[in-house]
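Report on one structure; see the data block that follows.
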Amino acid sequence: MQDGAFSPEEALRHLRSVDPTLGALIERVGPYNPPRRPEPYTALMRAILFQQLAGAAANAIQKRFYALYSEDGRPPTPREVLETTDDQFRSAGVSRQKAAYLRDLAAHVVDGRLDLAALPAMSDEEVIRRVTAVKGLGEWSAHMFLMFHLGRPDVLPVGDLGVRNGMRLTYKLPELPTPARAREIGAPWAPYRSVGSWYMWRAAEAAITQPDI
């Protein structure tokens with residue numbers, strides 16, 4: 001499977017045709033506009049840094065962390081991370097656990113266990129296997145990497161509370177759907193479940209509910 005080039009217009013046509021409720025949400029939200037994809041190593045490093053933190057706090061720690069290596073705010077290389085001391089991590093606000101995760105990611109890249117250049121040609125399942133072999137990177141992180149770095153069109157992160165809350169609002173469910181129920185709801189969206197998931201996030205963020213159709 002190649003790195004994700006697909007037609008957003010075709011994806012939206014498909015989603016509207018198979019799911020009128022989602023189609024109504026698409027009309028309200030507007031075009032599919034996912035975030036810009038960073039360099040792969042930076043994307044995975046950011047996934048670790050931002051775990052269990054609010055955006056503002058995570059951004060502040062990332063800024064201090066990058067400042068350890070340069071004045072222009074560039075992210076560190078894997079070898080630079082491996083040379084970083086415990087005291088330096090601590091001074092930037094990076095916890096001991098996250099420092100261990102960042103070192104493990106860097107080690108995987110340096111020794112070739114995680115070949116970032118090879119990931120775009122791998123299947124979604126193989127990318128998940130390679131990414132989750134790194135300490136601190138679970139299935140959710142792998143799903144985000146597939147969606148927003150590799151641009152894969154058919155990822156449904158049912159472990160993501162934002163996606164499931166978007167489903168609750170969009171489909172007027174009495175409670176948050178279980179992962180299994182979320183998988184059922186998103187099944188018709190294939191092969192564009194990433195796009196449907198993105199609209200669920202928009203619904204959750206804006207608390208958009210759909211009129212009866």
Side-chain angles (χ1 to χ4, degrees), residues 1 3-38 40 43-44 46-59 119 123-125 127-128 131-132 136-213:
M1 180 179 293
D3 198 353
F6 68 96
S7 165
E9 293 78 13
E10 174 58 33
L12 296 188
R13 280 195 295 272
H14 171 78
L15 294 174
R16 289 186 182 104
S17 70
V18 299
D19 188 336
T21 301
L22 176 54
L25 176 63
I26 290 169
E27 292 305 310
R28 295 182 66 169
V29 171
Y32 176 59
N33 183 31
R36 200 171 160 189
R37 298 176 290 173
L44 294 174
R46 178 183 171 87
I48 291 171
L49 285 171
F50 276 62
Q51 287 173 5
Q52 299 177 324
L53 288 175
N59 279 312
L119 293 180
S123 68
D124 291 358
E125 293 73 20
V127 171
I128 291 170
V131 169
T132 57
L137 292 175
E139 186 179 67
W140 182 87
S141 297
H143 282 160
M144 298 305 103
F145 184 78
L146 284 166
M147 294 173 74
F148 299 122
H149 179 75
L150 295 181
R152 296 294 171 84
D154 198 31
V155 179
L156 182 64
V158 295
D160 188 278
L161 291 177
V163 168
R164 284 156 55 200
N165 193 40
M167 289 177 170
R168 181 184 66 82
L169 292 164
T170 300
Y171 298 94
K172 298 182 186 268
L173 303 177
E175 58 188 13
L176 196 71
T178 64
R181 178 67 181 125
R183 203 170 285 113
E184 292 175 0
I185 292 170
W189 305 344
Y192 299 112
R193 289 179 292 178
S194 297
V195 181
S197 298
W198 184 84
Y199 280 97
M200 293 304 103
W201 278 314
R202 304 291 76 75
E205 288 175 359
I208 297 173
T209 55
Q210 297 305 297
D212 293 333
I213 297 175

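Just so it is clear, the values below take in all heavy atoms, side chains as well, and ignore hydrogens, waters and symmetry mates. Note that this is a predicted model, so its numbers are computed, not measured.
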Does any non-hydrogen side-chain atom of [Y] lie less than 4.5 Å from one of [X]?
X	Y	answer
P8	P31	no
L176	N165	yes
D154	W189	no
L15	V195	yes
L22	M200	yes
P157	W201	yes
M147	P153	no
F145	I128	no

[atom1] of [X] to [atom2] of [Y]: how many Å apart, nearest 0.5 Å?
X	Y	atom1	atom2	value
N33	R202	CG	CZ	9.0 Å
S194	R152	OG	CZ	10.0 Å
R16	T21	CZ	OG1	14.0 Å
T132	H143	OG1	NE2	9.5 Å
L146	S141	CG	OG	11.0 Å

task: Verify the distance criterion only: is there a donor paired with an acceptor across the side chains of D19 and Y199 at less than 3.5 Å?
output: no
Which atom pair, heavy atoms only, marks the closest approach of [X] to [Y]?
X	Y	value
L137	A47	CD2-CB, 4.1 Å
L169	A203	CD1-O, 3.7 Å
L119	L150	O-CD1, 4.2 Å
P188	V18	O-CG2, 3.4 Å
H14	A190	NE2-O, 2.8 Å
P177	R168	CD-CB, 4.1 Å

statement: With sequence neighbours left out, the residues meeting salt bridge (charged side-chain N to carboxylate O under 4.0 Å, His left out) with R183 are none
field: Set of residues satisfying salt bridge (charged side-chain N to carboxylate O under 4.0 Å, His left out) with respect to R181, sequence neighbours excluded
entry: E184
W198 and Y32 aromatic ring geometry - parallel, tilted or perpendicular at 30°/60° bounds: perpendicular
- prompt: Going through the distances and angles, do L173 and I185 end up as a side chain to side chain contact (heavy atoms under 4.5 Å, CB included)?
  reply: CA-CA 11 Å; L173 303 177; I185 292 170; 3.9 Å; yes
query: Crowded around W140 CH2? As in, over 12 foreign heavy atoms under 6.0 Å?
result: no
task: Would you confirm whether T170, through its side chain, and M167, through its main-chain N or O, come within 3.5 Å as a donor-acceptor pair?
output: no
